[in-house]
Amino acid sequence: MKCFNHTEREAVATCQKCGKGLCRECAEKHTPCLCDPCAVQIQYDQQQQAQNKEEQRKQKYKAALADSRGDFIKTAIIGILVGIFFVRWDVHGGNGNVDTSFIDNVGMFCVAFCIPFGWRFITYLQSFFPISLFGTFWFWIIYIGVKGFLSILVGIPAFIFQIVKMILAQSKVNKLN
């Protein structure tokens, strides 16, 4: 058998992909033993696979960001509803004081708006310390009350954290594009 590239030379090896004969010089070019067209094709295929993996990674990251945005929007909508409830409750007889100022109502709305963000954050922390599903009725009433109170305390920092996290994730996605 003669070398595919050098027809005057005897073949000492064959291409591991296509089986073409290769002389000593051609056989030593690539490891494993490949002819030039097959080596170029394999290198091209590897580059395509790397590009596809990178594109899949980018798409997965973008999908995760979209999920994160969706969760943020759902929590914000719940926060708006909670804020409206608290303001209406205060204005229409919750504490008997109908004469609340606009600034007080805005402040109450902002704090109430952040309660669902605090609730989600505390729920996330609870995933590290699972609570038994069994408990008395009063245990669950106290548990919900304490969790609600803690949600008020950590709501604003949790909301700010979520905003910063979304901005950073968006900047990462912009860099990927």
Side-chain angles (χ1 to χ4, degrees), residues 31 39-177:
T31 303
V40 168
Q41 183 63 41
I42 287 174
Q43 185 178 15
Y44 176 77
D45 291 345
Q46 288 173 343
Q47 287 174 347
Q48 287 298 320
Q49 286 176 349
Q51 287 176 349
N52 289 342
K53 279 186 180 181
E54 180 64 19
E55 188 61 34
Q56 287 174 350
R57 187 185 69 78
K58 287 179 184 180
Q59 291 301 326
K60 191 174 182 182
Y61 191 77
K62 288 178 184 178
L65 178 62
D67 288 345
S68 176
R69 282 184 192 152
D71 289 343
F72 180 82
I73 291 170
K74 288 176 198 172
T75 306
I77 290 170
I78 293 169
I80 290 169
L81 295 174
V82 170
I84 290 170
F85 171 78
F86 273 88
V87 169
R88 293 211 22 104
W89 180 66
D90 183 50
V91 168
H92 294 293
N95 62 3
N97 183 11
V98 180
D99 193 26
T100 55
S101 71
F102 177 75
I103 300 296
D104 290 340
N105 288 334
V106 169
M108 180 180 292
F109 178 83
C110 290
V111 170
F113 171 79
C114 293
I115 290 172
F117 290 95
W119 189 276
R120 282 189 65 200
F121 178 70
I122 291 170
T123 302
Y124 168 74
L125 292 179
Q126 284 177 324
S127 68
F128 298 110
F129 308 102
I131 294 179
S132 172
L133 293 176
F134 301 105
T136 65
F137 173 76
W138 291 109
F139 167 79
W140 288 108
I141 295 296
I142 292 169
Y143 166 77
I144 290 170
V146 169
K147 188 173 178 180
F149 177 73
L150 291 174
S151 296
I152 293 169
L153 294 178
V154 301
I156 293 173
F159 173 71
I160 293 169
F161 172 76
Q162 287 295 323
I163 291 288
V164 169
K165 185 174 135 182
M166 292 227 354
I167 290 169
L168 292 175
Q170 185 61 45
S171 68
K172 286 181 183 178
V173 167
N174 290 342
K175 286 180 185 177
L176 288 175
N177 292 332

- Partner residues of Phe161 under the ring-ring contact (aromatic ring centres under 6.0 Å, His included) criterion, sequence neighbours left out: none
- Note on the structure: The ring-ring contact (aromatic ring centres under 6.0 Å, His included) partners of Phe128 (sequence neighbours excluded) come to Tyr124
- Task: Decide yes or no on side-chain hydrogen bond (donor to acceptor under 3.5 Å, both in side chains) for Gln59 and Glu55, but give the supporting numbers first.
- Result: CA-CA 6 Å; Gln59 291 301 326; Glu55 188 61 34; 3.1 Å; yes
- Lys165 side, atom NZ; Gln162 side, atom CD - distance, nearest 0.5 Å: 4.5 Å
[X] to [Y] - nearest heavy-atom pair and separation:
| X | Y | result |
| --- | --- | --- |
| Thr123 | Lys147 | OG1-NZ, 2.8 Å |
| Ile78 | Pro116 | CG2-CG, 3.7 Å |
| Asn105 | Val87 | O-CG2, 3.5 Å |
| Ser151 | Ile122 | N-CD1, 3.5 Å |
| Ala76 | Phe113 | O-CE1, 3.3 Å |
| Gly83 | Ala112 | CA-CB, 3.6 Å |

- Report, as yes or no, whether the 6.0 Å neighbourhood of atom CZ on Phe121 holds more than 12 heavy atoms from other residues, nucleotides or ligands. no
- Go through the steps to decide whether Gln41 and Asp45 satisfy the test side-chain hydrogen bond (donor to acceptor under 3.5 Å, both in side chains), and finish with yes or no. CA-CA 6 Å; Gln41 183 63 41; Asp45 291 345; 2.9 Å; yes
- Note on the structure: Gln43 meets the side chain to side chain contact (heavy atoms under 4.5 Å, CB included) criterion, sequence neighbours left out, with Gln47
- Could you check Ile163 against Phe72 for side chain to side chain contact (heavy atoms under 4.5 Å, CB included), going step by step and ending with a plain yes or no? CA-CA 9 Å; Ile163 291 288; Phe72 180 82; 3.3 Å; yes
- Query: Are side-chain heavy atoms of Phe159 and Thr75 found at a separation under 4.5 Å?
  - Reply: no
- Do the non-hydrogen side-chain atoms of Ile115 and Phe86 ever get within less than 4.5 Å of each other? yes
